[in-house]
Amino acid sequence: MKTDEFKNNDYLQRLVDKLNADGAGIVLTTLDEAINWGRSNSLWSLTFGTSCCAIEFMALGAARYDMARFGFEVTRNSPRQADMIMVLGTITWKMASVLRRLYDQMADPKYVVAVGGCTISGGPFRGSYHVVEGIDKIIPVDVYIPGCPPRPEAFFYGMMQLQRKVKAERFLGGRNHKESRPKEETQTDETAE
Amino acid sequence: MNLLDTIIKAAPEAHIVTETDGIQIVAVTPEELPAAAQALAQRPEGAMDFLYDLTGMDWGEEGLGVLYQLESTATGERIILRTQTTDRERPLLPSVSTLWPTAEIKEREAFDFLGIRFTGNPDMRRLYLREDWKGYPLRKDYDATANELTLDNEINADTTEEYTLRPDGTLECHEHQLFGNDDFVVNIGPQHPSTHGVLRLRTALDGEVIRHVDPILGYIHRGIEKMAERMTYPQTLAMTDRLDYLSAHQNRHALCRCIEGAMELEVPERAEYIRTIMDELQRIDSHLLFYSCLAMDMGALTPFFYGFREREMILNIFEETTGGRLIQNYNVIGGVRADLHPDFCNKTKEFIVHLRQVLPDYHNIFTGSIIAKTRLEGVGRLSREQVIGLGATGGTGRASGWANDVRKRHPYAVYDQVDFEEVVRTEGDSMARYLVRMDEIEQSCRIIEQLIDRIPEGPVRTKTKPIIKLPEGIFTASVEASRGAFGVLLESRGDKSPYRLHFRSTGLPLVHTMDTACRGAKLADLIAIGGSIDFVIPDIDR
Ligand code: SF4
């Protein structure tokens with residue numbers, strides 16, 4: 001991937017513009033930047049691997065891909081200690097309520113990364129009687145990582161997108177994820193307004 | 001007395017319907033089923049003591065029925081019993097769970113999917129779907145709009161139902177209490193890092209000692225078998241890789257073999273060699289992951305890095321040839337998708353040399369350590385009778401002295417041309433299950449070494465039409481996947497998609513053994529026992 005493409009993020013730019021338009025105090029912004037730098041480099045994820053994609057996530061933790069380089073090697077098994085939930089694998093109807101409950105138990109600000117075709121649209125199992133066709137029907141999603149399963153590099157790209165999103169946010173005095181359920185038409189890009 | 005005579009003696013109305021792959025399918029009436037089943041299970045010349053699989057079927061007008069695939073562990077003979085009831089409103093069949101304990105959980109599956117009630121089975125709860133689910137999805141007349149996605153939490157019953165038939169034909173229902181009044185029930189899962197996926201175990205404790213484990217499944221039930229009924233045969237292949245993704249290649253091999261067998265398609269020899277080598281690489285891959293995870297479940301982190309280091313080398317080899325790391329989509333009907341990468345043979349050979357060098361490190365750091373020994377030795381013992389009765393194949397069965405390797409018992413691909421040992425142990429504890437798998441890595445290396453220089457030249461695929469139609473009938477195939485016998489049962493009505501496609505999950509019997517293996521053990525051992533039994537949940541739930 002070329003650097004230009006990597007930096008090409010319309011929605012992040014929109015987010016920044018919006019923040020600037022509201023006019024932020026110098027002190028708060030500087031403090032925000034420092035806090036966000038820290039937050040974005042220590043994203044703790046809740047392990048939520050339901051199927052195949054989770055195995056690729058394990059590969060990420062091992063030496064070759066070593067996600068510790070980017071600060072997200074700490075995984076938490078309790079939603080109360082996690083900053084983000086990484087949904088790895090198919091979500092079924094029976095699991096839907098559990099996923100929703102876990103999400104509700106997490107403390108704000110919280111983020112959701114949907115990994116793999118299954119979490120985005122149901123993937124290969126779209127049309128089944130027991131598969132949720134995209135987790136954005138249950139919880140708001142911040143970053144989608146397509147693939148079946150996504151390559152480890154794609155994971156990293158997605159995670160870096162999230163880091164950048166965190167950096168562009170207003171932490172102090174900002175609102176983080178006030179919506180409890182995704183609205184029908186709302187683009188998930190804007191959930192972090 | 002041959003098998004058919006044994007059945008007919010007990011059930012005079014029994015008759016052969018067809019034959020598939022040399023296995024007879026014998027129809028018996030529901031009334032005569034218990035007698036026929038008992039005669040087979042206690043046959044003096046070789047008891048049919050292994051219920052390989054039990055498949056619920058919907059034959060439309062003809063009613064609902066079940067196919068019982070039976071095998072004798074002593075002689076290797078196989079037979080399929082078929083029984084059916086025409087009553088679609090209140091389908092009742094007698095349970096065989098007293099003869100083959102594995103039927104207990106498989107009858108629950110048939111009930112969940114097709115609504116067939118088994119009289120005499122002590123546990124007739126749903127297995128995969130929510131308890132408030134309406135309808136039975138694998139019935140042909142299932143109404144897909146009957147259920148809606150709900151975010152309400154599911155309440156699980158603490159009782160099970162047992163149905164018995166009164167002499168006057170009415171049904172009687174007894175309730176059994178799952179947990180005693182003074183049991184302390186701990187809920188493990190479905191979101192728990194050490195259950196290897198989304199398994200949920202309700203565990204009844206007496207202090208720290210486990211009294212009873214009640215697995216709750218279905219958190220990753222994707223409805224693959226129903227979906228397959230709307231797909232063309234080449235499309236159904238994609239589902240198999242995603243069942244047990246650590247046996248992706250072998251699962252797909254099984255389905256390809258089944259379809260090729262049905263259409264009597266000859267597979268080029270080169271493809272058979274490639275498939276065998278890939279199967280074995282996949283097995284090493286899976287066992288390395290098993291080693292990593294078992295150690296990590298018990299709190300040892302370094303072995304995890306060891307296992308994944310070598311596993312990445314296999315993934316590289318896979319990726320070069322197939323384009324996929326975890327899910328390869330490599331087998332196709334008639335052969336394999338593409339020829340081997342030019343570096344494949346060299347890299348594989350180098351890898352085996354490397355693996356042999358580092359395996360002693362694996363043992364040094366983990367196997368010999370006092371912690372591993374005390375936590376694995378003598379824990380979670382399963383006897384040979386128990387594993388056969390519960391149908392726990394693969395390394396779990398072999399660790400308890402049951403030689404059940406499909407590669408040896410019913411050779412396929414080129415397994416009959418290679419020389420390898422079937423690793424069998426007799427202790428039956430967690431340590432034995434662990435060691436069996438570690439030794440199997442070595443055997444897989446041996447198989448690959450014997451084949452890698454002998455791969456014949458030629459095409460890798462027999463061309464097929466894009467739309468494949470199979471002749472009418474029932475077809476089966478099984479392979480030795482990474483963690484046991486994986487089977488496919490396919491009924492065709494001559495269409496371009498299967499009438500019914502059923503997968504014999506390797507993991508379902510394994511998870512069923514948890515209750516037996518964990519009773520009397522400590523709660524902390526549950527994780528280690530589960531790790532050593534080694535199941536993959538999407539394969540259980542399908
Ligand atoms: S996206 Fe593909 S690899 Fe990931 S969970 Fe779904 S089927 Fe498995």
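Hydrogens, waters and symmetry mates are skipped; everything else that's a heavy atom, side chains included, is used. Proteins come first, then strands; the chains are lettered A, B, ... in the order of their sequence lines, and each starts at number 1.
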Leading residue by heavy atom contact count with chain A [cutoff under 4.5 Å; candidates [options]]:
{"options": "B/C293, B/G223, B/S292", "result": "B/G223"}
{"options": "B/T150, B/L315, B/I327", "result": "B/I327"}
{"options": "B/R311, B/H221, B/M227, B/R222", "result": "B/R222"}

Rounded to the nearest 0.5 Å, how far does [atom2] of [Y] lie from [atom1] of [X]?
{"X": "B/R542", "Y": "B/L243", "atom1": "CZ", "atom2": "CG", "value": "8.0 Å"}
{"X": "A/C148", "Y": "B/D241", "atom1": "SG", "atom2": "CG", "value": "9.0 Å"}
{"X": "B/I540", "Y": "B/T506", "atom1": "CD1", "atom2": "OG1", "value": "8.0 Å"}
{"X": "B/D539", "Y": "B/L246", "atom1": "CG", "atom2": "CG", "value": "10.0 Å"}

* To do: Verify whether the ring centers belonging to B/Y128 and B/F113 lie closer than 6.0 Å.
  => yes
Practice problem: Examine B/F366 together with B/Y362 and report whether their ring centres are nearer than 6.0 Å. | Solution: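 No.
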Option in [options] with maximal non-hydrogen atom pairs under 4.5 Å from chain B:
{"options": "A/A59, A/P149, A/P79", "result": "A/A59"}
{"options": "A/V132, A/V131, A/I55", "result": "A/I55"}
{"options": "A/P124, A/G49, A/A63", "result": "A/P124"}

| said: If only side-chain N and O atoms count, and only distance matters, is there a donor-acceptor pair under 3.5 Å linking A/Y144 with A/D136? | reply: yes
So which part of [X] gets closer than 4.5 Å to some heavy atom of chain B, the side chain, the backbone, both or neither?
{"X": "A/L88", "answer": "neither"}
{"X": "A/A54", "answer": "neither"}
{"X": "A/L46", "answer": "side chain"}

[X] versus chain A, heavy atoms under 4.5 Å apart: side chain, backbone, both or neither?
{"X": "B/Y219", "answer": "both"}
{"X": "B/N147", "answer": "both"}
{"X": "B/I216", "answer": "side chain"}
{"X": "B/L129", "answer": "both"}
{"X": "B/E131", "answer": "neither"}

For residues [X] and [Y], determine if any side-chain heavy atom of one lies less than 4.5 Å from a side-chain heavy atom of the other.
{"X": "B/D361", "Y": "B/Y306", "answer": "yes"}
{"X": "A/Y157", "Y": "A/I145", "answer": "no"}
{"X": "A/K94", "Y": "B/R200", "answer": "no"}

Worksheet item: When the ring planes of A/W93 and B/W133 are compared, do they come out parallel, tilted or perpendicular, using 30° and 60° as the limits?
Response: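 The rings of A/W93 and B/W133 sit tilted, inter-plane angle from 30° to 60°.
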On the 0 to 90° scale, with breaks at 30° and 60°, tag the B/F290-B/H287 ring pair as parallel, tilted or perpendicular.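 Perpendicular.
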> Could you name the residues of residues 230-239 of chain B that have a heavy atom within less than 4.5 Å of a heavy atom in chain A?
Replying inline: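 Heavy-atom contacts from residues 230-239 of chain B to chain A are B/R230, B/M239.
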For B/E312, the salt bridge (charged side-chain N to carboxylate O under 4.0 Å, His left out) test, sequence neighbours excluded, returns A/R64, B/R325
